[in-house]
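To find a chain, count down the sequence lines: A is the first, B the second, and so on, and within it residues start at 1.
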2 protein chains.
Amino acid sequence: MPRPSSARLDKTGIVQIAASLGVSPSTVSRALRPETSHLVRADRRKQIMDMAEKQHFSPNPGARMLRKGANATLTVVVPFDENIFFSEYYGRFLAGTLHAAAARGWGVQISTMRRSENTNFREAMQHMSLESSGIIYLAEPLTHQELEELKGFRRPFVLTKSTLPEDVDVRALGLPVLSVDNLSGARSVASLLLQLGHRRIGLLLGPEGSRDAHERKQGYLEMLQKNGAVPRPEWIYSGPFNAESGRAGIEKILKCAERPTAICCANDEIAFGAMHAAHLAGVRCPDDISIVGFDDGHWATACQPALTTIRQPLSDLAERAVGLIVEAANNPGQIRRFVSDDMPASMMIRESTGPLRRSE
Amino acid sequence: MPRPSSARLDKTGIVQIAASLGVSPSTVSRALRPETSHLVRADRRKQIMDMAEKQHFSPNPGARMLRKGANATLTVVVPFDENIFFSEYYGRFLAGTLHAAAARGWGVQISTMRRSENTNFREAMQHMSLESSGIIYLAEPLTHQELEELKGFRRPFVLTKSTLPEDVDVRALGLPVLSVDNLSGARSVASLLLQLGHRRIGLLLGPEGSRDAHERKQGYLEMLQKNGAVPRPEWIYSGPFNAESGRAGIEKILKCAERPTAICCANDEIAFGAMHAAHLAGVRCPDDISIVGFDDGHWATACQPALTTIRQPLSDLAERAVGLIVEAANNPGQIRRFVSDDMPASMMIRESTGPLRRSE
DNA sequence: GCTTGCATTGCAAACGTTGTCATTTGATAC
DNA sequence: GTATCAAATGACAACGTTTGCAATGCAAGC
């Protein structure tokens with residue numbers, strides 16, 4: 001039996017409720033919204049709410065949004081990765097975003113973006129911004145061409161410096177970029193090792209192509225060079241940001257005739273791997289070797305020994321990103337081509353670093 | 001709220017663009033949407049797109065939503081917690097949700113929900129569902145009263161069993177509930193220990209009030225009792241789901257005159273804490289004591305020794321949750337009061353369990 | 001009885017976009 | 001030149017809610 005064309009009785013709107021009670025839609029609308037419900041006589045209000053309940057009414061989000069103007073939602077674009085939430089960076093940044101957005105009454109939408117496919121970047125961004133008022137881009141590194149495309153993008157958005165190619169000058173870029181000061185973070189922790197007396201310092205660096213890895217490397221090298229502690233080439237290892245890379249790196253370094261007495265790692269996971277492999281090899285930390293990480297990951301205090309590392313102000317970063325989006329959304333037209341200062345990272349000195357032993 | 005009627009000439013809509021080019025809004029709409037842009041002559045399309053670019057046009061999401069019907073977005077409600085993403089449960093579930101939603105062309109919105117305040121639960125849910133087509137509730141445990149309220153809730157939603165009070169019968173509840181089979185997971189891992197010859201088995205249980213903790217406890221006890229291996233009271237410890245709790249628990253247990261030879265933990269973090277404290281106390285795992293966890297957390301394979309544990313099918317769970325929401329959104333009216341079967345968990349046998357030593 | 005003021009309700013106009021027509025345009029074939 | 005047909009465009013009506021304004025009813029004050 002084809003359904004009678006008149007049907008769709010199940011479509012409950014404010015109008016149906018009004019009709020079934022013999023009142024006007026206006027009254028129903030007023031009764032149902034807390035801000036205006038005082039305008040409706042108490043008994044009628046109850047009547048309406050009961051009927052809404054009975055008819056399983058729920059307001060049409062689109063209509064309300066249209067009527068009220070903007071939607072208080074921003075989109076965070078993250079890489080498509082099974083383990084995305086477990087990374088200190090994304091996990092803490094996202095939590096910060098949720099927090100900051102909630103404080104402003106905003107919602108957060110999380111979208112993944114795969115860059116491998118040959119999808120049009122511009123269109124993908126357009127599509128994402130369609131249902132929200134702004135974008136925080138945290139996904140995979142952008143190409144120069146995509147950055148150019150982004151200059152013409154007219155919805156509020158924010159990048160993090162981590163998504164930029166190494167050779168891009170942030171100040172000259174003219175896009176809203178937020179960042180953590182990798183350079184001085186790396187310098188300060190290298191400086192700590194120097195102060196502890198270490199001169200033979202190895203480096204377990206991150207992957208090629210990562211701007212974060214590059215800047216941390218710069219920071220380490222710069223500080224070491226300035227103090228005449230240039231690491232030997234065989235003390236330097238590059239690999240992905242994971243524990244396995246740390247293991248491989250330290251194993252290679254421990255084979256050297258002359259070993260370093262301290263190691264700077266490009267992030268905590270590398271440091272964990274290194275610490276673990278060193279332990280297995282009978283090399284004690286910090287007695288035989290000092291190790292520093294970067295990120296202050298979730299397990300930095302839980303591991304043995306607790307890791308000396310750099311804490312990135314990710315919740316501040318998130319707070320700022322959300323603030324920029326909300327501001328831009330509230331002042332359309334005058335989009336600020338904002339270039340942020342680096343936000344300072346702080347050193348967390350724990351147990352994995354110690355003074356150089358006298359015998360060395 | 002009276003909007004600033006004076007200014008806002010810059011309010012670019014499809015209509016303004018049409019006007020400035022002397023074409024009709026329909027044409028602009030068609031030109032701007034990829035699906036229909038082929039209907040517009042190429043040169044005109046370019047003209048329109050350029051103008052849209054120049055005027056910083058971006059489509060009004062509300063209007064589109066209203067016109068098109070539903071919006072393909074679902075909301076995941078999680079507890080308000082700084083470290084939310086680092087928990088294996090939420091991290092993997094959310095990643096699974098993102099994956100499953102993306103596969104269907106849906107977006108995912110993540111909302112936090114604090115239960116401590118005396119906010120009206122119903123209203124909070126209502127508010128959340130306002131901007132999306134369905135809700136997956138993963139936040140803090142619900143009260144009986146809230147469950148009752150939920151029965152009248154007419155937007156698509158799904159709960160997980162973890163959010164229910166211990167004494168609620170899922171089958172009788174009549175709400176869409178998804179769950180992992182804690183019971184048989186716990187049974188299987190207890191059974192493994194028994195097969196390895198262990199009879200003196202301790203329990204490091206989770207917090208009171210957590211349904212997951214309760215069910216795992218049930219599973220452990222049931223299997224042990226059935227095999228005449230009832231644990232002594234002093235071998236049982238309850239605490240929060242974290243490593244500290246595991247440390248405290250094992251320390252208490254190690255003080256007993258007669259020590260157990262194996263320990264079942266309510267989750268991985270507790271197991272980590274226990275393993276760590278045992279190590280510090282000179283008790284070797286698995287030689288002196290076997291330890292099993294629950295969750296197959298991110299570090300279960302990274303720790304030393306690798307942890308024998310139960311892997312929850314969280315991505316399957318997420319996939320199913322998203323599937324139910326999407327289905328419900330596509331078939332409004334016929335909301336299924338769906339009660340899921342438990343989804344089976346699988347045992348991951350690693351290095352933290354070993355056979356009972358002969359001397360024992 | 002008439003005004004005044006207040007509480008309550010209805011009317012109708014938006015909000016910006018999209019899809020369904022109907023209409024125009026342009027090209028091709030006769 | 002006209003008929004034919006497809007492509008391109010325009011006119012217009014929704015979509016469901018909110019809100020300014022007007023209308024009504026009611027009670028109190030004169």
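Taking every heavy atom of both residues into account, A/Glu140 and A/Pro79 meet most closely at OE2-CB, 3.8 Å. Scanning both residues, B/Leu138 and B/Thr163, for their nearest heavy atoms gives C-CG2, 4.0 Å.
In this structure, B/Asp43 and A/Ala63 both approach DNA chain D, and ranking their closest nucleotides by distance from the 5' end singles out B/Asp43. Looking at which nucleotide of DNA chain D each of A/Thr36 and B/Gly22 is closest to, the 5′-most match is held by B/Gly22.
For A/Leu32 and D/dG16, the CG to P distance is 16 Å, given to the nearest whole Å. Rounded to whole Å, the distance from CG on B/Leu39 to P on C/dC21 is 15 Å. Rounding to whole angstrom units, CD1 of residue A/Ile14 and C1' of C/dG10 are separated by 14 Å. Nucleotide C/dA14 holds its P atom 17 Å from the CG atom of B/Leu66, rounded to whole Å. Atom P of nucleotide D/dA14 and atom CG of A/Asn60 are separated by 17 Å, given to the nearest angstrom. Nucleotide D/dA13 holds its P atom 21 Å from the NZ atom of B/Lys68, rounded to whole Å. Rounded to an integer number of Å, the gap from CE of B/Met65 to P of D/dG16 is 14 Å. Distance CZ (B/Arg44) to P (C/dT24): 16 Å, rounded to an integer number of Å.
Contact of B/Arg41 with C/dG26 (side chain to base): no donor-acceptor pair of N or O atoms is detected under 3.5 Å. For C/dG19, its base sits under 3.5 Å from the side chain of B/Ser26 at one donor and acceptor pair at least. At a cut-off of 3.5 angstrom, counting only N and O atoms as typed in the model, there is no donor on one side facing an acceptor on the other between the side-chain of B/Arg30 and the base of C/dG19.
Checked for salt-bridge contact, A/Asp50 and A/Lys46 meet the test: a charged N lies under 4.0 Å from a carboxylate O. By the 4.0 Å N-to-carboxylate-O rule, B/Arg104 lies close enough to B/Glu319 to be salt-bridged with it.
Using a 4.0 Å cut-off, some side-chain N or O of B/Thr27 falls inside it from OP1 or OP2 of D/dG10. Phosphate contact (OP1/OP2 of C/dG19, side-chain N/O of B/Arg33, threshold under 4.0 Å): present. Using a 4.0 Å cut-off, no side-chain N or O of A/Arg64 falls inside it from OP1 or OP2 of D/dG16.
The backbone N or O of B/Phe80 sits nowhere less than 3.5 Å from a side-chain atom of B/Thr112 that would complete a donor-acceptor pair.
Side-chain proximity of B/Val40 to D/dT9, D/dG16, D/dT17: nearest is D/dT9.
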